[in-house]
2 protein chains.
Amino acid sequence: MPGQFRGQVRRRRILEAALEIFTERGVADATIAAICERAGASIGSVYHHFGNKEGIAAALYEQGLEEHFDRMLSGLEGAGRTGARESVAVLVGTFMDWCLENPEWARFILLMRSGLMHGPEGERFASVNRERLDILRGYLMRFVQGGELRALPEELYLPLLHGPAQLYIRAWMAGRVPAPTPAHRAALIDAAWRAVGVEDRERGGSASPRR
Amino acid sequence: MPGQFRGQVRRRRILEAALEIFTERGVADATIAAICERAGASIGSVYHHFGNKEGIAAALYEQGLEEHFDRMLSGLEGAGRTGARESVAVLVGTFMDWCLENPEWARFILLMRSGLMHGPEGERFASVNRERLDILRGYLMRFVQGGELRALPEELYLPLLHGPAQLYIRAWMAGRVPAPTPAHRAALIDAAWRAVGVEDRERGGSASPRR
DNA sequence: CCTAATCTAGAATAATATTCTAGTTTTGGA
DNA sequence: TCCAAAACTAGAATATTATTCTAGATTAGG
C-alpha cells in the first residue's frame, strides 16, 4: 500500500482545520475553501480523503465517539470489581473529563452533529452506537442482578446516568453556566447514584424498590 | 398595518412546510426550492418573511420554545401552591408531554437546531433563554428556602431535573428506545425528585407536606 | 527502475442560496 | 370613494459554494 504517510498527515491536518472552522463558524457556514486554506490542502485532497463536507463531519464524530467510549469502557472494567457506586462514578466522571479535555471536539459532537443521522452513514452510526450502548447496559445489568442497582426499565439507565451531566456540559458550552468544577462533578455523580443506586440500608437480602 | 391576513397565512404555511422538509431531509439538505413548492409560495415570499434559510429555522425554534415554556410556567404556577414534589412533576412531565404532542417540532428543536446560536440572532436567543431559565430557577429556589429541595449549586437544578427526560426523548427520536409510556414518565419524575428533593423523614422540624 | 496505487492540484461544473426588479393586494385615512 | 403607503408575491438574474473531473506528482513494493 503505497503513499501512506503523506496522506495520513494531510488527513489529520484537514480534520484539525475542519474542527477549528466548524467551531468558529458552525458547520453550516463552514466553507470547504476555508478548511482547505487553514489546512494548507487543495480541494482535490479534501475530497479524496473525505468525499464531501459531511464526510469530514462524520469522521470527526466517529473518531471522537470511539475515543470517548473506549475510555469509558476501560474505566468500567477497572471499576467492575469495585462495585456499582464506583461504576456509576466512572460512567459520569469519564464523560465530564473527556469533555473538559477536548472542549472543541465535545462541542462539535454534542452541539453540531445535527444532520449526520440523515446522511448515508447514518444507519451505520446508529447501529454502532446501539452496540456500544448495549455493552454499557450489559455492565449495569449485572449490578441490577446483584441488587446494587434499582430495577428499572432497561432503557432508562443511560438517560438517568448521563442526562444531567450532558445537559450541564451543553449549558457550559453555550455559556450559560460556569465550567464544571470537581464539586459539580461530585454532585452530578451523587445525583446519578441517587437515581439508580440502592443504598446499603435499603437492601435486605433481595432486590426491590423502596417506599 | 396593511396586508396582514394574507401574509400571516402564507407565513404559517411556509413554517409548516419547512418543518416537514427539515424533518424529512435534515436542515442541511433542505432546499429553499423544496420548501417553496411544498408551501405553494414563491422564493420572494419566503425571503420577504424570513430573510434567509436560517431565519425560517430561527422562527420555528423561537416559537416552539415559547409555547413550551409558557405551558411549563402556567403549570408551575398551579403547582406552586401544592408543593415541591408537584412542581418537579410539572417541570419534567410538561416537557415530555409537549414532545409527545409535537414530535416533529420537538425533533427539530432538540436534534437540529445546530447552528442557530452562531447566527446574528444567536445572542438574542441566548439572552431570552437565560431569562426564562432564571424564572424557572426562581420558582425552585423558593422550595430550597423552605427546605423541600436540597441545597445545591444553583446551576445544577435544571440539568438534574430535565437531563434524563431530555436524553430519553432524544433517544426515542433517534429510534433507539420505545416511545415513552406513563410508566417511563413516572419513573423519570421519580428520579428527578430523588436527585433534588428532600424526603420527609430527612427534614427536621419545619413544616410542609409532600406528595 | 518500473508500475500501480495513492495522493495532490486546481480549473470546470453544478447546485443552491440570495438579491433584485417589477408588480399585486390590502389598509387606513382624506 | 379613491389614493398613497405598506405589505406582500413573483420569478428572473446573480453570487456563492459544493462537487466533479482531468492531469499530474509522489510513494512503496516488486
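All heavy atoms count here, side chains included; hydrogens, waters and symmetry mates do not. Below, read A as the first sequence line, B as the second, and so on, with proteins coming before strands; counting in each chain starts at 1.
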Quickly work out the [X] [atom1] to [N] [atom2] distance and round it to whole Å.
X	N	atom1	atom2	value
B/Phe50	C/dT18	CZ	P	14 Å
A/Asn52	D/dT19	CG	P	5 Å
A/Tyr47	C/dA12	OH	C1'	14 Å
B/Lys53	D/dA18	NZ	P	12 Å

Are B/Asp190 and B/Arg194 ion-paired here, with the side-chain N under 4.0 Å from a carboxylate O?
yes
Which residue, A/Leu140, A/Leu136, A/Thr94, A/Ile135, forms the side-chain contact (heavy atoms from CB on, under 4.5 Å) with A/Leu76?
A/Leu136
Examine the side chains of B/His184 and B/Thr181 and answer whether a donor and an acceptor come within less than 3.5 Å of each other.
yes
If you draw a 6.0 Å radius around CD in B/Glu67, do more than 12 non-hydrogen atoms from other residues or ligands fall strictly inside?
yes
Specify the residues of residues 26-38 of chain B, ordered by number, for which at least one heavy atom lies under 4.0 angstrom from an atom of DNA chain C.
B/Ala30, B/Thr31, B/Ile32
Is the B/His68 ring parallel, tilted or perpendicular to the B/Phe95 ring (thresholds 30°, 60°)?
tilted
In terms of relative ring orientation, are A/Phe125 and A/Tyr61 parallel, tilted or perpendicular, with 30° and 60° separating the classes?
tilted
Let's see if you can work this out: which of D/dT19, C/dT8, C/dT18 has an atom nearest to the side-chain heavy atoms of A/His49?
C/dT8
What's the closest nucleotide to the B/Gln8 side chain, out of D/dT19, C/dC7, D/dC8?
D/dC8
Does a nitrogen or oxygen in the side chain of A/His48 sit under 4.0 Å from OP1 or OP2 of C/dC7?
yes
Under 3.5 Å, which N/O atoms of the protein pair with N/O atoms of nucleotides 9-11 of chain C?
{"unit_1": "C/dA9", "atom_1": "OP2", "unit_2": "A/Arg10", "atom_2": "NH1", "d": "3.2"}
{"unit_1": "C/dA9", "atom_1": "OP2", "unit_2": "A/Ser42", "atom_2": "N", "d": "3.1"}
{"unit_1": "C/dA9", "atom_1": "OP2", "unit_2": "A/Ser42", "atom_2": "OG", "d": "3.4"}

Ignoring hydrogens, what is the shortest heavy-atom contact between A/Ala39 and A/Arg13? Give both atom names and the distance.
CB-O, 3.9 Å
A/Arg137 side chain to A/Glu154 backbone, donor-acceptor under 3.5 Å:
no
